[in-house]
Amino acid sequence: MDMINRLKEDLIETGQMGRTLPRRIERYGQLDPQKGVTRPTGTEANRKIRDYAVECMKEVGLEVKIDKVGNIFGRKEGSKTNKGTVMCGSHLDSVINGGMFDGALGVFGAIEAIRRINHEGFQNERPLEVVVFTAEEGSAFRQTLLGSSVLTGKTKPEEALSMKNDKGVTLEEALGNIGYKGDFGRSLDDVEYMVEMHVEQGPVLHREKIPIGIVEKISGVAWLIATILGQENHAGTTPMKIRKDALVAASDIISFISKRANEMVVKLGTSTVGTVGKLNVFPNGTNIVPGKVEMGIDIRDVVPQNMESLKNETLKAMKDIEKSYGVDISTELPPMHMPASLSDEVVNTIDNSARQVGVMTRRMNSGAAHDSQNMAESIKTGMIFVPSINGISHGPLEWTNWEDIENGLKVLNQVLKNLSRIAEE
Ligand code: GLV
Ligand code: MN
Ligand code: MN
């Protein structure tokens, strides 16, 4: 099997994991707009894809270790030093009903790049290490970029391990159930570089027909988890005047965020986005006045002050809404992920590497969040984007053409080779 076909095979094979009615999807036309992949951390599908990745890592000769929060590391020692490690990878968890490339491409692409390096007989002077971050999406444990937040010291391991999913299962239990509760203590002291290949998840590269994006900045992301408590009651007998309808209160919050984010963009020229993507309504019966609503709010911008101000205005609006509807609103604020600037050195290395392998590039920003933004706070970090058909991601119609994946891989392979050399003094 040639190299790209092996990566293609890995992505097609793992693209079945977490898909209702597992199916090998080899072409865009085979996608079902209703049925994507669902692999939150701790699910059976998440275990399967982790096991598959660990097998692949072992197959290419990597030494595999698992840390306390289930981050996976697969290491190939350097020929000249065991310091200055070049890390490369992404995540294997997914959103609910998402696409088969988000995260998986960066993990299997990294393994494939090393498989190719081995095959070519290239000697990496620095160590190369594939990394799989736990719970990047926040689809189970209420904080995005969780594994990298622990690795970079932003979140304590005990705090992460005690977080609960919607079923009340802690991360610790969930990792134990799938066999990924390790004890490796990975410090970043010996890590020099981090590289992540990812699908763009936006329309720019596809529209401009450019095969590779080199990321310069990544938007920040702030989450607010709100619980609205009203009074559950009979839909037929409870007069409108005396209701404490938690869902009506929630609908005002949703409208506020959307209107205010739009206003900021139009009037202030910001790049703010605000979304309420998650709503749990209790008890969720047509003839019951909703007594409780849980909502997940996502606020992003490349300017931290803009995120901060939409977040604070939302909290203030909630106070007014509490009064108007006689409900109680409590909020949880997981740590905010700041906008990140990626390393000029790595950006330039990606640029030069793409030129070496003859692939056209453009520089761009990322609206999506990535573990790389946590890593960028202390490690020289870069990201390689490949086009997403019609800019779709976080949905079943996410797709990237195999030629584009081959281009991304060629560039990644060259980047790893270039970064793994120790520069002559
Ligand atoms: C992760 O994919 C995010 O941008 O939320
Ligand atoms: Mn994602
Ligand atoms: Mn991702």
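For clarity, every value in this text was computed on a predicted model and none was experimentally measured. Ligands are counted one by one from 1 in listed order, and the atoms in each one are counted from 1 as well. One is the number of the first residue; the rest follow in order along the sequence.
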Query raised in the report: Tell me: protein heavy atom nearest atom 1 (C) of ligand 1, and distance?
Result: E137 OE1, 3.3 Å
Query - Closest approach of any protein heavy atom to atom 5 (O) of ligand 1, naming residue and atom - result: R300 NH2, 2.7 Å
Report summary line: For E136, the atoms of ligand 1 under 4.0 Å from one of its heavy atoms are 1 (C), 2 (O)
Query raised in the report: Would one find an N, O or S atom of D102, in either backbone or side chain, under 2.8 Å from the Mn ion (ligand 3)?
Result: yes
Report task. Look at H91 and state whether any of its N, O or S atoms is less than 2.8 Å from the Mn ion (ligand 3). Result -> yes
Report task. Tell me whether the guanidinium CZ or amine NZ of R50 lies under 6.0 angstrom from the six-membered ring centre of Y180 and within 45° of its axis. Result -> yes
**Report entry** Cation-pi geometry met for K292 and F282 (6.0 Å, 45°)
**Finding:** yes
Query - A368-ligand 1 polar pair, N/O distance under 3.5 Å - result: no
Query raised in the report: Is H394 close to ligand 1, meaning an N/O of one under 3.5 Å from an N/O of the other?
Result: yes
Requested in this report: Could you tell me whether H337 approaches ligand 1 through its side chain, its backbone, both or neither, with non-hydrogen atoms closer than 4.0 Å?
Outcome: neither
Query - Residue among L419, T381, V191 satisfying side chain to side chain contact (heavy atoms under 4.5 Å, CB included) with M87 - result: V191
Requested in this report: Give me the one residue out of Y28, F108, W402 that meets ring-ring contact (aromatic ring centres under 6.0 Å, His included) with F101.
Outcome: W402
Query - Test item: S162 side-chain N/O and E159 main-chain N/O as donor-acceptor pair under 3.5 Å - result: yes
**Report entry** H394 and N97: side chain donor to acceptor below 3.5 Å
**Finding:** no
Query raised in the report: Judged by non-hydrogen atoms, does H370 sit under 4.0 Å from ligand 1?
Result: no
**Report entry** Test: E9 and R24 ion pair at under 4.0 Å
**Finding:** yes
Query raised in the report: With a cut-off of 2.8 Å, does E137 place any N/O/S atom under that distance from the Mn ion (ligand 2)?
Result: yes
